[in-house]
Colleague: 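Here it is, the structure in full.
Side chains included, hydrogens not; waters and symmetry mates left out as well; all remaining heavy atoms used.
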Amino acid sequence: MKFRTEIEIGHGEVTLRPEKPVVMVGSCFADNISGRMRRCLWDACNPLGVLFNPLSIAAALELTLFNPEPEASFRDSLFEHQGITHSWLFDTHTSTLDGAEGATAIFNRRRDRLRTMLEKGETLFVTFGTAFCYFLNEDSESYQNYGAYKTYEPYNTDKAPMPPVVANCHKQPAAMFTRRRVTCGEITDVWLKLAEKLKARFPNLKIIFTVSPVRHVRDGLAENSRSKATLLLAVDELCSKMDFCHYFPAYEIVNDDLRDYRFYASDLVHPSDEGVEYIWERLREAYLDEAGLKFLKEGEAIARRAAHRPIMEIPEQRAAFRNKTMELYEDFRRHYPDSLELQ
């Protein structure tokens with residue numbers, strides 16, 4: 001007798017090489033999985049921060065990779081509130097007390113990290129969280145500069161120009177924004193163009209789309225379901241039209257396979273540690289071969305040794321343990337020179 005419906009994933013069309021960097025962009029789910037990879041000394045990160053909707057993710061990639069004047073355009077997205085400088089394009093990790101110069105320095109570090117990782121690596125994970133977007137109203141204080149933002153030229157389709165979308169409202173008054181659920185067509189119009197540009201710049205690139213299992217309950221459960229359905233249909237269309245785009249069913253793993261609140265955190269919105277670990281296991285099953293699994297096993301063991309703190313600190317034993325850890329790590333790096341540096 002079976003009590004749950006396990007998703008048969010099998011090995012995907014992409015084989016990941018853990019010695020190559022992996023870029024993950026999108027919702028907080030991307031942070032969770034990239035963090036799990038880093039625990040195995042796999043160089044993976046979300047350099048753009050947490051971005052929930054498809055248009056904001058596309059805008060951030062467009063700015064950092066293809067805009068001819070990225071710093072000037074980034075500055076157009078800045079505004080100051082209570083002494084803190086924020087960007088409409090990014091989350092609060094780009095916010096700073098150091099004004100436009102400080103925010104631009106953070107942006108440049110993120111941009112350099114993204115470019116370096118994509119040039120070295122061959123895989124980009126893109127996680128869509130919600131189809132609901134917030135757009136700046138024309139009468140808002142920031143509209144004059146940000147509304148002319150050059151990144152949005154690709155979004156001005158024949159149907160109608162899009163107003164500037166924001167990635168994070170930064171606790172500004174709701175009256176400044178118009179909130180609506182974008183359509184499947186709007187998402188695919190943007191991403192078909194962007195994916196082709198990414199492929200042209202990085203010829204070996206594979207894009208793996210996921211839809212975040214994190215529930216946006218503030219939208220209401222019915223609206224959350226419609227939002228996720230919109231994202232799933234858009235991703236399906238993108239993958240069917242571009243052979244370098246693929247789909248990993250993170251959403252279905254949580255909602256149809258695990259399907260139990262014990263796999264959610266206490267907020268009943270985010271997957272629990274056990275849920276994230278199970279998704280991680282299924283991702284390894286889909287995209288890693290025996291050599292990749294060997295890398296992860298060795299890398300995680302070394303990272304755990306490095307993080308170990310004995311209950312009783314005996315200097316001689318601690319020194320011997322540390323020396324052995326470094327010996328293992330140096331041997332590991334000889335085999336995988338592009339692996340993550342040990343912290």
Side-chain angles (χ1 to χ4, degrees), residues 6-25 29-47 113-114 116-127 202-210 244-250 252-254 257-258 263 271-310 318 320-343:
E6 295 185 39
I7 296 176
E8 297 295 332
I9 297 178
H11 199 280
E13 296 175 309
V14 177
T15 298
L16 300 180
R17 303 296 178 193
E19 64 270 20
K20 287 184 174 292
V22 169
V23 175
M24 291 198 160
V25 297
F29 174 74
D31 273 352
N32 289 335
I33 296 300
S34 63
R36 191 62 188 81
M37 291 176 170
R38 293 173 70 84
R39 281 163 55 186
C40 301
L41 301 185
W42 189 345
D43 190 6
C45 75
N46 179 6
R113 178 74 166 140
L114 174 68
T116 299
M117 291 188 73
L118 284 177
E119 286 166 0
K120 288 183 178 180
E122 298 176 351
T123 311
L124 171 66
F125 278 81
V126 179
T127 301
F202 307 103
N204 296 323
L205 185 68
K206 300 289 191 300
I207 301 176
I208 299 176
F209 287 99
T210 66
F244 59 93
C245 294
H246 309 277
Y247 176 66
F248 176 71
E252 291 80 1
I253 288 172
V254 172
D257 186 342
L258 298 180
F263 295 110
S272 65
D273 291 343
E274 293 80 8
V276 173
E277 186 66 22
Y278 183 70
I279 296 169
W280 167 238
E281 290 177 5
R282 304 309 302 273
L283 187 144
R284 291 185 326 205
E285 172 190 325
Y287 299 120
L288 290 173
D289 57 15
E290 289 186 11
L293 293 172
K294 180 176 181 291
F295 173 104
L296 296 189
K297 183 179 180 179
E298 293 179 4
E300 186 168 25
I302 293 169
R304 283 181 176 176
R305 283 185 65 98
H308 176 67
R309 296 294 180 268
R318 179 61 182 162
F321 186 85
R322 177 65 178 173
N323 290 339
K324 180 61 177 178
T325 300
M326 293 309 298
E327 180 183 325
L328 291 170
Y329 173 65
E330 288 167 5
D331 183 64
F332 181 79
R333 287 279 285 185
R334 279 193 291 271
H335 288 88
Y336 309 107
D338 293 320
S339 60
L340 197 64
E341 291 186 7
L342 193 62
Q343 299 298 316

Colleague: Which heavy atom in Arg113 sits nearest to a heavy atom in Pro47, and how many Å separate them?
Modeller: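 Shortest heavy-atom separation between Arg113 and Pro47 comes out as CG-CB, 4.0 Å.
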Colleague: Could you tell me if the side chain of Met24 sits less than 4.5 Å from the side chain of Thr127, heavy atoms only?
Modeller: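 In short, these two side chains do not touch, never coming nearer than 4.5 Å.
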Colleague: Would you sort out whether Tyr287 and Val22 count as a side chain to side chain contact (heavy atoms under 4.5 Å, CB included), showing the intermediate values?
Modeller: CA-CA 12 Å; Tyr287 299 120; Val22 169; over 6 Å; no
Colleague: For residues His335 and Glu298, determine if any side-chain heavy atom of one lies less than 4.5 Å from a side-chain heavy atom of the other.
Modeller: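 No, every pair of side-chain atoms sits at 4.5 Å or beyond.
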Colleague: Classify the ring geometry of Phe295 against Tyr336: parallel below 30°, tilted from 30° to 60°, perpendicular beyond 60°.
Modeller: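 Phe295 and Tyr336: perpendicular rings.
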Colleague: What distance separates Leu205 CG from Thr123 OG1, expressed to the nearest 0.5 Å?
Modeller: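 Reported to 0.5 Å precision, the distance equals 7.0 Å.
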Colleague: For Phe29, which residues count as a ring pair (Phe, Tyr, Trp, His ring centres under 6.0 Å) partner, sequence neighbours excluded?
Modeller: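 Here no residue qualifies.
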Colleague: Could you go through Lys324 and Phe321, starting from their C-alpha distance and side-chain angles, then the distance that decides it, and tell me whether this counts as side chain to side chain contact (heavy atoms under 4.5 Å, CB included)?
Modeller: CA-CA 5 Å; Lys324 180 61 177 178; Phe321 186 85; 5.9 Å; no
Colleague: Are side-chain heavy atoms of Glu300 and Leu41 found at a separation under 4.5 Å?
Modeller: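 Answer no - side chains too far apart.
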Colleague: Is there any salt bridge (Lys or Arg N to Asp or Glu O under 4.0 Å) pair reaching into residues 328-340, and which pairs are they, with sequence neighbours excluded?
Modeller: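 Residue pairs with at least one partner in residues 328-340: Asp331-Arg334.
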Colleague: State, to 0.1 Å, how close Leu114 and Val23 come at their nearest heavy-atom pair, and which atoms those are.
Modeller: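 Closest approach of Leu114 to Val23: CD1-CG1, 3.6 Å.
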Colleague: What's the verdict on side chain to side chain contact (heavy atoms under 4.5 Å, CB included) for Leu296 and Trp280, showing C-alpha distance, side-chain angles and the deciding distance?
Modeller: CA-CA 12 Å; Leu296 296 189; Trp280 167 238; 3.7 Å; yes
Colleague: Can you measure from CD1 (Ile9) to CZ (Arg282) and round to the nearest 0.5 angstrom?
Modeller: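 One finds 4.0 Å between CD1 of Ile9 and CZ of Arg282.
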Colleague: Within the side chain of Ser272, is there an N or O that forms a donor-acceptor pair under 3.5 Å with the backbone of Phe263?
Modeller: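 Between the backbone of Phe263 and the side chain of Ser272 there is a qualifying donor-acceptor contact (under 3.5 Å).
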Colleague: Taking the side chain as everything from C-beta on, heavy atoms only, tell me whether Phe332 gets closer than 4.5 Å to Leu342.
Modeller: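 Sidechains of Leu342 and Phe332: no contact.
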Colleague: Got a sec: does the CD of Glu13 have more than 12 other heavy atoms crowding it under 6.0 Å?
Modeller: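 At most 12 heavy atoms, drawn from other residues, nucleotides or ligands, come within 6.0 Å of this atom.
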Colleague: When rounded to the nearest 0.5 angstrom, what distance separates NZ in Lys206 from CG in Leu124?
Modeller: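 Taking NZ in Lys206 and CG in Leu124, the distance rounds to 12.5 Å.
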Colleague: Has Trp42 got a side-chain atom pairing as donor or acceptor with Lys20's backbone, closer than 3.5 angstrom?
Modeller: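 Yes: the side chain of Trp42 pairs with the backbone of Lys20.
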Colleague: Does Tyr278 use its side chain to pair, donor to acceptor, with the backbone of Leu258 at less than 3.5 Å?
Modeller: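 Not a single qualifying donor-acceptor pair exists.
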Colleague: Can you name the closest pair of heavy atoms from Asp31 and Ser34 and give their distance?
Modeller: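 Smallest interatomic distance, heavy atoms only, reads O-OG, 3.1 Å.
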Colleague: Please report the interatomic distance CD1(Ile253) to CZ(Phe248), rounded to the nearest 0.5 Å.
Modeller: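 Atom-to-atom, Ile253:CD1 and Phe248:CZ are 3.5 Å apart.
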Colleague: Given Glu277 and Arg36, is the side chain to side chain contact (heavy atoms under 4.5 Å, CB included) satisfied, shown in steps?
Modeller: CA-CA 8 Å; Glu277 186 66 22; Arg36 191 62 188 81; 2.8 Å; yes
Colleague: Rounded to the nearest 0.5 Å, how far does OH of Tyr329 lie from OG1 of Thr325?
Modeller: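 Atom-to-atom, Thr325:OG1 and Tyr329:OH are 12.5 Å apart.
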Colleague: What closest approach, in Å, do Met117 and Ala44 show between heavy atoms, and which atom pair accounts for it?
Modeller: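 Here Met117 and Ala44 meet closest at CE-CA, 4.1 Å.
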Colleague: Between the side chains of Glu290 and Lys294, is the shortest nitrogen-to-carboxylate-oxygen separation below 4.0 Å, so that they form an ion pair?
Modeller: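 Looking at Glu290 together with Lys294, the answer is no, because their closest N to O distance does not fall below 4.0 Å.
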Colleague: Roughly how far, to the nearest 0.5 Å, is CD1 of Ile208 from CG of Leu283?
Modeller: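 The distance works out to 7.0 Å.
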